[in-house]
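Numbers restart at 1 for each chain; the letters A, B, ... are given by sequence-line order, proteins then strands.
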2 protein chains.
Amino acid sequence: MSDGDEGAGQSAPSRRKDARRNKETLLGAAAAVFVTSGVDAPVRDIAAKAGVGLGTIYRHFPTRADLIIAVYRHQVDACADAGPALLATSASAHAALGRWIDLFVDFLVTKHGLAAVLQADNAGSEALHAYFLDRLVPVCAELLEAAAVAGEIRPDVDAYELMRGVGNLCFGADSDPRYDARRMVELLIAGLRPHR
Amino acid sequence: MSDGDEGAGQSAPSRRKDARRNKETLLGAAAAVFVTSGVDAPVRDIAAKAGVGLGTIYRHFPTRADLIIAVYRHQVDACADAGPALLATSASAHAALGRWIDLFVDFLVTKHGLAAVLQADNAGSEALHAYFLDRLVPVCAELLEAAAVAGEIRPDVDAYELMRGVGNLCFGADSDPRYDARRMVELLIAGLRPHR
DNA sequence: TGCAAAAACGGAACCACGTTCCGTATCGTT
DNA sequence: AACGATACGGAACGTGGTTCCGTTTTTGCA
């Protein structure tokens with residue numbers, strides 16, 4: 001664990017020791033603040049929590065979105081990895097798809113405000129958007145393909161589009177007790193089935 | 001037309017003439033700016049386009065959201081009114097529902113960025129959110145009810161939830177050629193059908 | 001061990017936005 | 001024409017992301 005973008009090496013030999021320590025501190029503080037104040041907490045709050053200056057944050061994470069990516073990278077990767085596993089262990093491709101989407105939805109819904117930040121038109125969050133997509137769309141495509149060849153869903157569903165749709169459905173899922181994103185996603189997935 | 005919130009009277013006799021003229025100018029300018037720059041165009045741009053000071057905008061429309069409401073009130077009302085009409089003229093309640101949702105989606109997708117502003121958690125847009133919901137949810141509920149009694153959809157679908165879901169699916173529908181909100185909404189509506 | 005260059009740090013400063021405030025201009029009535 | 005009520009314009013404020021730069025800390029080398 002620790003750094004996460006210094007390639008395959010053991011612990012980023014090229015950086016100064018305090019810099020590495022600060023990066024860890026920052027990740028921890030950000031994660032904590034995200035939990036309590038949501039993903040769109042002010043950068044200043046995170047700096048304060050970490051006992052660090054603003055400059056330090058921006059040196060390690062060029063943009064807010066990069067910090068968010070760093071915080072959630074592990075979980076996104078875990079979700080991506082779960083795809084093939086589910087496909088191998090589930091009774092049907094359709095079941096695997098459903099379970100995988102559930103995983104994704106749980107992830108998004110749990111992170112206060114994450115879904116909103118995923119929007120493509122949010123300036124500065126292209127990196128975040130891109131990371132999620134790069135990592136998850138291929139997995140989704142694989143599951144869709146499997147379900148499609150099994151004849152369990154319509155054959156013309158695009159993985160990117162579905163991911164965006166599901167992500168969109170998760171907007172504001174917390175902060176509104178009358179809206180249950182999971183139910184809506186369930187309807188969307190139900191709509192995937194072939195026309196009778 | 002013209003004022004729109006002065007109750008039933010003819011043309012708001014209580015206001016000064018220049019004030020009324022400015023309100024019209026502002027509505028026109030806002031509509032124009034929304035078309036070219038999207039619904040989240042800066043208030044200053046609208047003031048500039050109207051050749052008016054910021055104070056003037058905020059006197060007529062206490063908040064950005066109020067201005068947006070004023071600009072789109074006619075169209076929201078038209079959509080609301082179309083509900084019963086469609087129910088009366090369509091072959092089935094399900095067909096009426098589908099067509100009405102299409103109307104709603106067209107409206108949202110056409111207005112650059114409107115769907116995003118509809119989010120409940122956008123501070124200051126409660127009024128906008130509330131107006132849309134007050135006006136459209138009852139209509140949607142009526143259509144859902146009709147389709148449900150006809151056995152054409154699941155009986156346990158909540159109108160509010162469905163409207164939010166559809167609204168959510170429309171986020172960023174422009175500005176992303178790879179995402180077709182209409183198709184996703186179609187899937188969602190398809191998912192409404194009873195389990196086989 | 002001492003020291004200078006390199007690497008990081010902190011946080012003031014900047015920009016963009018929504019919104020508020022208040023001195024000034026205009027209206028409409030007497 | 002004059003005066004009070006009504007509106008106006010835009011400077012100023014609060015908040016949030018991001019940049020910049022003078023200062024501090026670390027590290028490689030003598």
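- Atoms CG (B/D40) and P (C/dA16) sit 16 Å apart, rounded to a whole Å.
- When the P atom of D/dT26 is taken as reference, atom CZ of A/R16 falls 7 Å away, rounded to whole Å.
- If you take CZ of A/F61 and C1' of D/dG17, they are 16 Å apart, rounded to a whole angstrom.
- Computed from coordinates, the B/K23 NZ to D/dC8 C1' distance equals 16 Å when rounded to whole Å.
- Between the CG atom of B/L26 and the C1' atom of D/dA7 there is a distance of 13 Å, given to the nearest Å.
- Protein atom CZ of A/R44 is 10 Å distant from nucleotide atom P of C/dA12, rounded to whole Å.
- For B/Y58 and C/dT19, the shortest distance from a side-chain N or O to OP1 or OP2 is below 4.0 Å.
- Contact annotation: the side chain of A/Y72 approaches that of A/F107 to within less than 4.5 Å [non-hydrogen atoms, C-beta and beyond].
- Each of B/P62 and B/R21 was assigned the nucleotide of DNA chain C with the nearest heavy atom; the assignment lying further toward the 5' end belongs to B/P62.
- Which of D/dG17, D/dA11, C/dA12 sits closest to the side chain of A/L54 comes down to C/dA12.
- Between B/T56 and the phosphate of D/dA7, there is no side-chain N or O to OP1/OP2 separation shorter than 4.0 Å.
- Taking atom CZ of A/R20 as the reference point, atom P of C/dA7 lies 14 Å away to the nearest angstrom.
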Check your understanding: Given A/L103 and A/R99, is the side chain to side chain contact (heavy atoms under 4.5 Å, CB included) satisfied, shown in steps?
Key -> CA-CA 6 Å; A/L103 239 44; A/R99 292 223 239 144; over 6 Å; no
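- Salt-bridge check for A/D156 with A/R154: failed, with every basic side-chain N at 4.0 Å or more from each acidic carboxylate O.
- Applying the 4.0 Å criterion to OP1 and OP2 of D/dG17, one finds that A/T63 has every side-chain N and O outside that range.
- OP1 and OP2 of C/dA8 both lie 4.0 Å or more from every side-chain N or O belonging to A/N22.
- Here the side chains of A/L27 and A/F61 are in contact, with some heavy-atom distance below 4.5 Å.
- The interatomic distance linking B/K17 (NZ) with D/dA5 (C1') rounds to 16 Å, in whole Å.
- Residues A/L136 and B/F171 are members of separate hydrophobic clusters, defined by side-chain heavy-atom contacts under 4.5 angstrom among Ile, Leu, Val, Met, Phe, Trp and Tyr.
- Residue A/R64 is in sugar-phosphate contact alone, with no base atom involved, counting any heavy-atom pair closer than 4.0 Å across all strands shown.
- The side chain of B/H60 places an N or O atom within less than 4.0 Å of a non-bridging phosphate oxygen (OP1 or OP2) of D/dC8.
- When the side-chain nitrogen and oxygen atoms of A/R59 are compared with OP1 and OP2 of C/dC9, one or more of them lie within a distance under 4.0 Å.
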